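Here is the naming used below: chain letters follow the sequence lines, and residue numbers restart at 1 for every chain. A quick note: this is a predicted structure, and the numbers were derived from the prediction, not measured. Any value given below was found using the heavy atoms of this structure, including those in side chains, with hydrogens, waters and symmetry copies removed.
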Protein chains: 2
Amino acid sequence: MFAAEREYQFRPSNVTSIAAATPPTLASVFKSQPIETIQAGSALFWERDPAKHIFEVVEGVLRVVRIIGDGRRIITGFVFPGDLVGISMKDRYLYGAEAVTVTKVRRFARSAFQEKINQCPELRPKLFARLCDEMAAAQDQMALLACKTAEERLCSFLLLLARRTGAISKSTATVDLPMTRQDIADYLGLTIETVSRNMTKLTARGMIVPKGRHGYQFKIDRLALLAGDDDADNNSYDDHDMVVGQRFGRP
Amino acid sequence: MFAAEREYQFRPSNVTSIAAATPPTLASVFKSQPIETIQAGSALFWERDPAKHIFEVVEGVLRVVRIIGDGRRIITGFVFPGDLVGISMKDRYLYGAEAVTVTKVRRFARSAFQEKINQCPELRPKLFARLCDEMAAAQDQMALLACKTAEERLCSFLLLLARRTGAISKSTATVDLPMTRQDIADYLGLTIETVSRNMTKLTARGMIVPKGRHGYQFKIDRLALLAGDDDADNNSYDDHDMVVGQRFGRP
DNA sequence: CGAGCAGTTGAACAACCTCAAAAACGGTGG
DNA sequence: CCACCGTTTTTGAGGTTGTTCAACTGCTCG
């Protein structure tokens, strides 16, 4: 849900004495909490459950699920390690969170979390930035759902995965698709058949190359061309405090 | 963009009676700023402009616009009086804001706004709540775009307008549609023709009744039935810092 | 080996889109 | 007040993309 704070991953080793020299990060709030394991397919919480906790994903992938009316399902996002899920001001969750793979999380009571945020002024802009990142992602997704063709949606999705979880070496990305076709379809506003057909088509055209059971490999810029939003920096890494200029012509 | 703070208007008296003298609201931050007028059709700011200011809409309607790739346009939201627009942590706006009608706004420098927020601890949860509300709205919109039929989208849209701007008297709402069909189409991920046809169809069925130039009248619950998300409370007002225990089943 | 499930493929169909033209509106200037 | 023009909206006919329904493949796990 919330964009990972990549910049904090390589935090200098520093032992947690009480709020003293520790550079406070959102992750550090959860640091002391025990790790819980969620089996693949089971839910961390359901839509409309009382929103008592906030979770940090340590490992694995969650899907964020909403059901409307007559059982139609939509996945509004996937949650990756480093992300938080369950943040809200309502007293009930607006969505469910289910494990796509076996997932490890840390739990924090919402009230305690709020207190923590209020106590540490350094934390607030970070939380705020995450909300803004998530908002930006939601707008991207709206653009995808409102405008893009099935093929463009799939390419956008693969690029998203590459950015969030993929192994990238010199403009070639290798991604794993742990979620089912149904999950992908519900995320992209398509049917499983359309997802399947377009994956086949992309493979046939050599735009993506299957690697192993659920893996694919592709050239980032070639797929970016097919993703629709050829806007300058939309496909590059976020310009939060980095400026990455990797952008050539063609191979 | 940000949902109006309805919840604070009718706050029950038993809750937090902290600041007696000045109840600080987000609106009060802008109170002292001069009012600027934007002509219909012109922009308050453009996508990718340096994000120097935050605006409060006092009167009128703005549309929030994004352009992807080859000129496809999407409207991610409309901004009504009481809402804020332009909030972000990036240094450039992720979207443009254009006046649908003549619009009056108050402007506030982003840096000054941030400072204000940091100074007033009462303001922070309110800003936070707005972000969360907006996030919830974005998720609703994703569900709409991913799942709903053209007719359902239009009904949802009319209900949204009724909630935000409409005159409601005993289950009958009267709304004004100041935006063009093109705006509606770009908001709902449809074409103007589809919008037009479905409006005609709804009118023919007597589900909505034209009132004046751009106005329509309808029974809220009848339209809610057609809006797709027949979820219990989706169309009701939000239960912000109230704990409503409406939930039987069994614990 | 067979049951069960996820994924693929095919053919017919529907919803929505595209293109085109007509109609309604709103402003402007006689 | 009316005639004119540009714009927005409506209406129509035909085309496309993605859906639906159905059969088939292949994998995993008893």
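- Atom pair Arg153(A):CZ and dG18(D):C1' shows a separation of 9 Å (rounding to whole Å applied).
- Salt-bridge check for Arg72(A) with Glu152(B): passed, with a basic side-chain N closer than 4.0 Å to an acidic carboxylate O.
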Mind listing the N/O atom pairs, protein and nucleotides 27-30 of chain D, below 3.5 Å?
none

Show, in sequence, the C-alpha distance, side-chain angles and deciding distance for Thr37(B) and Lys104(B), and conclude whether the side-chain hydrogen bond (donor to acceptor under 3.5 Å, both in side chains) test is met. CA-CA 5 Å; Thr37(B) 302; Lys104(B) 302 194 165 155; 4.9 Å; no
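- In summary, Asp176(B) and Lys211(B) do not engage in a salt bridge, as defined by a charged side-chain N under 4.0 Å from a carboxylate O.
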Determine, step by step, whether Thr194(B) and Thr191(B) satisfy the side-chain hydrogen bond (donor to acceptor under 3.5 Å, both in side chains) criterion, reporting the C-alpha distance in whole Å, the side-chain angles of both residues, the deciding distance to 0.1 Å, and the verdict. CA-CA 5 Å; Thr194(B) 302; Thr191(B) 59; 3.0 Å; yes
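- A donor and an acceptor atom, one from each side chain of Ser156(A) and Lys148(A), are located under 3.5 Å apart.
- Scanning residues 173-190 of chain B for heavy-atom distances under 4.0 Å to DNA chain C yields Gly189(B), Leu190(B).
- A salt bridge between Arg107(A) and Glu36(A) is present, with a side-chain N of the basic residue lying under 4.0 Å from a carboxylate O of the acidic one.
- Applying the side chain to side chain donor-acceptor pair (under 3.5 Å) test to every pair with at least one member in residues 195-206 of chain A, sequence neighbours left out, gives these pairs: Glu151(A)-Arg205(A).
- The side-chain heavy atoms of Cys155(A) and Leu202(A), taken from C-beta on, include a pair separated by under 4.5 Å.
- In this structure Arg63(A) satisfies the salt bridge (charged side-chain N to carboxylate O under 4.0 Å, His left out) test together with Glu98(A), Asp183(A), sequence neighbours excluded.
- Ring-centre distance between Phe30(A) and Phe55(A): not below the 6.0 Å cut-off.
- Residues from residues 192-204 of chain A placing a heavy atom under 4.0 Å of any atom in DNA chain D, listed by number, are Glu193(A), Thr194(A), Arg197(A).
- The nearest whole Å value for the distance from the NZ atom in Lys148(A) to the P atom in dT17(D) is 18 Å.
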With side-chain hydrogen bond (donor to acceptor under 3.5 Å, both in side chains) as the test, would you mind laying out the steps for Lys219(B) and Ser171(B) before giving the verdict? CA-CA 6 Å; Lys219(B) 294 251 182 279; Ser171(B) 85; 5.0 Å; no
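- Between its opening and closing five pairs, the helix from dC1(C)-dG30(D) to dG30(C)-dC1(D) changes axis direction by 30°, a value rounded to 10 degrees.
- One can place CG of Leu154(A) at 10 Å from P of dG18(D), the figure rounded to the nearest angstrom.
- Put simply, the side chain of Tyr93(B) reaches to within 4.5 Å of the side chain of His53(B), judged on heavy atoms.
- With salt bridges taken as basic N to acidic carboxylate O contacts below 4.0 Å, one links Lys90(A) and Asp133(B).
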